[in-house]
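Only a predicted model underlies this, so the values are computations on that prediction, with no experimental measurement involved.
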Amino acid sequence: MNAPQRLYIGGEWVEPAGGHYEVVNPADESVVGLAPEATRAQVEEAARAAADAFEGWSRTSPEARAAVLDRAADIIQREYEPWAALAQAETGATTGIARGMQVGVGVARFRRYAKGALEPVERGLPPQVTEAGPMGGASVLGALELRQPVGVVTCITSYNNPWANPAGKVAPALAMGNTVVVKPAPQDPLSVFKMAEALHEAGVPAGVVNVVSGASVEVGEAAVDSPYVDMVSFTGSTGVGQRIAEVCGRSMKRQLMELGGKGAAVVLDDVDAAGLDAAVAGIGTTFSFYSGQICTAPTRVIVHRSAYGALVEKLTGHLAFMKVGDPGVRGTVVGPVISAAHRDRVESYVELGRKEGARIAYGGERPAVGDGRGFYVAPTLLVDCTNDMRVVREEIFGPVVVVVPFDGGEDEAVALANDSDFGLLSYVWSGDPARAFRIARRLRAGGVGVNTIGRNMEAPFGGFKRSGVGRDVGSYALHAYSEVQSIVWAG
């Protein structure tokens, strides 16, 4: 275990006034390290430092901002091995996920927004000719659309990916000239401090990046309600997002919210054998990808009765090959969930599904792993479900998939898919791409995968309904961390 972590405020490593707390490895319950507990006063100090640094950083050339982000990516790449090991220890991710989808994606996002810093922020608009009238003589008015940084951005990150998620907030915010206060998830903050180390070494000016952590809700509250903060970017549950939005509304803080999901996976009656295999493989990622702790997962399968039996059989067979165990051991597919409390929550949903009338086709019992330590949940398939069940309507955030059969046509499939409080990502599998696209356009979701769970990382990402506010990823993230200003002149 390394030395206790310090906070990063105003370009300095600062001792936490609230002491430290243990970060626990979900795989074996060992202590990974000691994370700092900030006080409200220290969060306020971080926000003030960001506000003081804003004027200088926002006036820095795009080339200079790009150079800092590129150097940070170089440093993260240099420290790839030890930082991936730390991410794995904090999150319980399998080795492939920790390397490729956590640290690897973190590097890629810093590279992307180093380029993004150089994207145009000005756009000339067509001139407007005004005839002479009561307000004055005839004139020609030119106009310029200009994207300006918002100011100080509080970035509150999720526990499922302590690299990709904060990098996807911090890098575009900095590229646009904002300054940031990062409040990591309390379960795995140590990786985010490594990101701060990389930015510090890369030469980011003092106060431009600040990282404050804590297990107390007071830390997050202070990072949201500080008068120095102009915008809050949050990834997490819908319930917490709603409370943050209420606080932001009092002072009209800008918001970017990526919240809960209950992704519908619509499997139509015309899907052939290859298409069904593709659907099973896609749906099966729910169990393996972060042990189901991901809001974009296709957790709610809506399948035509004609394909229902074959899909359930194939999914059950797919699960039989998913080894649950120590994420550091070669061959492990499903690692632990983040904590004992979350394991208990997921298991309680499985029991609720049983009581609601769902049939457990696979899983349902706590798996025996090693000496019994660690927060493991069995990948579970709940079938014979109906849309009124809580396990179908609520986000479980674990390796649990529910299957709802339907007998009608496209209208019934669309109605079932849209009968949800959530609308982040949904999916359609069909043997007819034109039909799949037609249905995709009717789904109330921020994104729809047609015969794929793949994502285009330049496409806008965000949710309808209670799945969020705003869009990011690609150039859309640069837009999210900016305000639009118009400048008009007489020509």
Legend entry - Pairwise salt bridge (Lys or Arg N to Asp or Glu O under 4.0 Å) hits with a residue in residues 379-392, at least two apart: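 Sorted pair list: R359-D384, R390-E394.
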Inset, instruction - Write out all pairs satisfying ring-ring contact (aromatic ring centres under 6.0 Å, His included) with one or both partners inside residues 161-189, taking only residues at least two apart or from two chains. - result: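 ring-ring contact (aromatic ring centres under 6.0 Å, His included) check on residues 161-189 returns W83-W163.
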What residues form a side chain to side chain donor-acceptor pair (under 3.5 Å) with [X], not counting sequence neighbours?
X    : value
T296 : none
R444 : none
N451 : none
D472 : none

Report, one line per pair, each donor and acceptor closer than 3.5 Å where one atom sits in a side chain of residues 244-251; sequence neighbours left out.
residue: S251; atom: OG; partner: K253; partner atom: NZ; Å: 3.1

Show me, pair by pair, the donor-acceptor contacts under 3.5 angstrom made by side chains of residues 176-198, not counting sequence neighbours?
residue: N178; atom: OD1; partner: V150; partner atom: N; Å: 2.7
residue: N178; atom: OD1; partner: G151; partner atom: N; Å: 2.9
residue: N178; atom: ND2; partner: A173; partner atom: O; Å: 3.0
residue: N178; atom: ND2; partner: Y481; partner atom: O; Å: 2.8
residue: T179; atom: OG1; partner: A50; partner atom: O; Å: 2.8
residue: S191; atom: OG; partner: E90; partner atom: OE1; Å: 2.7
residue: K194; atom: NZ; partner: E197; partner atom: OE2; Å: 3.4

Inset, instruction - Tell me, please, which residues at least two apart from Y21 pass ring pair (Phe, Tyr, Trp, His ring centres under 6.0 Å). - result: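 With sequence neighbours excluded, Y21 shows a ring pair (Phe, Tyr, Trp, His ring centres under 6.0 Å) to no residue whatsoever.
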Inset, instruction - Just jot down the ring pair (Phe, Tyr, Trp, His ring centres under 6.0 Å) partners of H342, sequence neighbours excluded, or say none. - result: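 Counting only residues at least two positions away or on another chain, H342 forms no ring pair (Phe, Tyr, Trp, His ring centres under 6.0 Å).
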Side-chain donor/acceptor pairs under 3.5 Å, residues 9-16, sequence neighbours excluded:
none

Inset, instruction - Tell me, please, which residues at least two apart from R254 pass salt bridge (Lys or Arg N to Asp or Glu O under 4.0 Å). - result: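 Residues passing salt bridge (Lys or Arg N to Asp or Glu O under 4.0 Å) with R254: E483.
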